Amino acid sequence: MRPAARDGQSRLPDLSLLDDSPPEAILITHAHIDHTGSLPLIASLYPHIPIYATESTCVLTEILLRDSVHIMEQEGLKPDGETPLYTVEQVDALLGRIQPVSFKQPFAPLVTAPDILAWYMPAGHILGAGMLYFATPEGTLLHTGDISVTDQRTIKGVDIAALPNADIMICEGTYGNRAHTSRREEERKFAEAVQETLARNGRVLCPAFAVGRAQEIVLILKSYRASGHISPVPIYLDGMVRSVCAAYQGQSHDLHPNLQRYLKNARRPLFVDPGLHIFAVRSHERAELITRKEPAIIISSSGMLSGGASPLYGATIATREQDALLLTGYQDEESPGAALLRARPGLPLQIGSQSVVLACKVEKYNLSGHADSEQISQVVMKVAPRHLVLVHGSPEALASLKQRFVDIRVDVPVVGSKLNFQAVRHRVLVPSMPDVEAQTGLFDASPRLAPIDIDEQPQIPSIESLWILAKKLGPLRPWTIVELGQAYYGDAYRPTLRPLIEHVFKSDTSAYFKRSRIGAQSIYQPCETALGRSIISDEEFADCIPEMSLVLPSRVIQDEIPQRVPGAGVVAIVQGQKNSSPYLALTLAPAQNGGIRMITDGWKAAVRPLSMIQLLPDVRRTEWLNVPDETNKMRLKQWRQQLDQAWIDLFACWRRCQQSSFSFTSLCQDLGLCQADDRLALGLELLNHGLLLFRRDGEIWHPLDEQRVYSNDGFAHHLHLLEAGAGSEILVNGRPGRLTGRSNWRLFEVYWNEMDEDESERMARVRASAIRLSL
Ligand SMILES: [Zn+2]
Ligand SMILES: [Zn+2]
């Protein structure tokens, strides 16, 4: 569907084209409205055909279609408004008919053709997005839907190496004639623009697509705020963004493994988290927030300012010089967002219902969720189809993409044309499913991958068996319903079994699990003892798993064990003795007999015991191996000086990971430290001061308890200032200023309200003990 259709364009696709060959099933790739918007209508035209989608797509489709029908009804009430394309009843009917399926789980979409199997493979792009693979007696077909190859913060990109071959491939080409800039670089520029605005006391509005983009932005901001690059001002989420964030949280099993680890270790919500000053705006609070002038970041749908809450904020923010409006997605030419990008300061402009004079900074950043031309080529090359069909892109993008493939048949069909695929049947290659005999029953050789029978009656677990499983596989971690389901049913788990596990927890299960909530999601922590015991034998464990499942280690989130034996050219953080100052080291040769030759910023090159290596922040400088030792020592020294200036606040880390232990690697992931320098600075600081706030047990760091930390007056004062946050008015020996939000070990950055004559810097590093909050 085309929601923002212009005059002369239809909002709906031409459904009469289906008359000659009516569909026999509908398979949804993902929830975006250009892929689901007309489904309520199509479904009601074909009331008896099955409809499939991944579980996460079902959840998001519901939010999007309910919003869409609501907007249509509102529109319809206006005197010259368009009539709604469908009704709430039609949306309900569609939602009730979609059968949720899991990724990588073959199913037979047509009852009349059981030898045609289909399964979803993760497509990156947004939560729940799947590529569809079809295996038929005539050959195989891969339909990409919308794909992203780059890893996003919410979702991992397409794993090209794991893609199967296919005879026919239908591929998207949105960015068929463009190349992306580096994602990390783009995120960094975006974060810089945010901080520049906050530093001049301004507000930032990020109009964002509610599904996918808004969640990415929250995570980018969280990460840059945690590393001190963005001041900890409040972040407000408004519009449909709120419900989509809740849906993402509830489907955590489909999110990036880093986020699942964060949930497990930090036990904090992923998006809306009042404890971290990330709030969902309630409708009655909006008017006040629009007029409030304090520094803040607002993330609101729609992404093009064409509707929703973003134009309401946009109309005031656009008029203030110190504010900024940062766009992060595609802007339709006729949209207010595109008009903003074309606008010149001082000239009038239409945002929502208001005409305003533009004064704020407007910028656009490319945080695309689509593969670019080079990435699409890589995907196609791996799938190696005989026949390629390019769709979902402008004619120019698809024509340019077509030129990349000279050896295969490529079609760029126009809407309404029919394509006939010849039976190619030259192979059925499914890498993860070996020994598959092509002609007879594709998956007979591999019973675990037998197509699921949606009507089969599964065994319902008892609360005892769930407790035993959780106790054995992850006694210290909280479990989600889906994780418990996956542990119990193994590879036979499917979304239709989720209600069964939910049902088990409907009765009083407090003797077995402690229930709590992370944002919109319930989590269950197995009790230390239940049934009068706390130790589970292997037999008991085996007994409580139903026959249909096989417990595989992959279903439990594994903690990585840091590699302690580095090769040559690795940058490590070393320490001679506990409590002595740490050094930055470069290993010069592979380890031998428990020793390794290295040079540090403080010592000359020599073979030192391996045990001296404390942290490996995953940084390499192999190109330094061919230069004299003295040069390397100088480099390490300069680097170290630079790292010591970084804003790393261990108090903030301590506050953040209350009650949950971490390894250095997991802490880096939780904080989203993707730059080598950030990880090194954190590592050095952890060894410098970490033992004052954490207890160390080998690789694992445990936060000291609150009482102990707060009993130190200096620490309590530091935490107090942290809580007050960026922008707080303070006095340093009577001199007024504000906290910028950046802090370090017992130091805060201060912005002076007025400058002394002989000063060149407006900001200064001031000892926490000298700072008083002014009332
Ligand atoms: Zn999409
Ligand atoms: Zn799309």
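These numbers were taken from a predicted model, which means no experiment stands behind them. Along the sequence shown, the residues carry numbers beginning at 1. Just follow the structure's listing: the first ligand is 1, and inside any ligand the first atom is 1.
Residue pairs meeting the salt bridge (charged side-chain N to carboxylate O under 4.0 Å, His left out) criterion with at least one partner in residues 365-380, sequence neighbours excluded, are E374-R404.
Protein N/O/S atoms closer to the Zn ion (ligand 1) than 2.8 Å number 4 in this structure.
How far CD1 of I71 is from CZ of R66: 14.0 Å, rounded to the nearest 0.5 Å. Taken to the nearest 0.5 Å, the CG atom of D146 stands 11.0 Å off from the OH atom of Y175.
Scanning for side chain to side chain contact (heavy atoms under 4.5 Å, CB included) contacts around S353 gives an empty result, with sequence neighbours left out. By the salt bridge (charged side-chain N to carboxylate O under 4.0 Å, His left out) test, E187 pairs with R153, R183, R184, sequence neighbours left out.
The pair E216-R213 fails the salt-bridge criterion, with no side-chain N (NZ, NE, NH1 or NH2) lying under 4.0 Å from an Asp/Glu carboxylate O.
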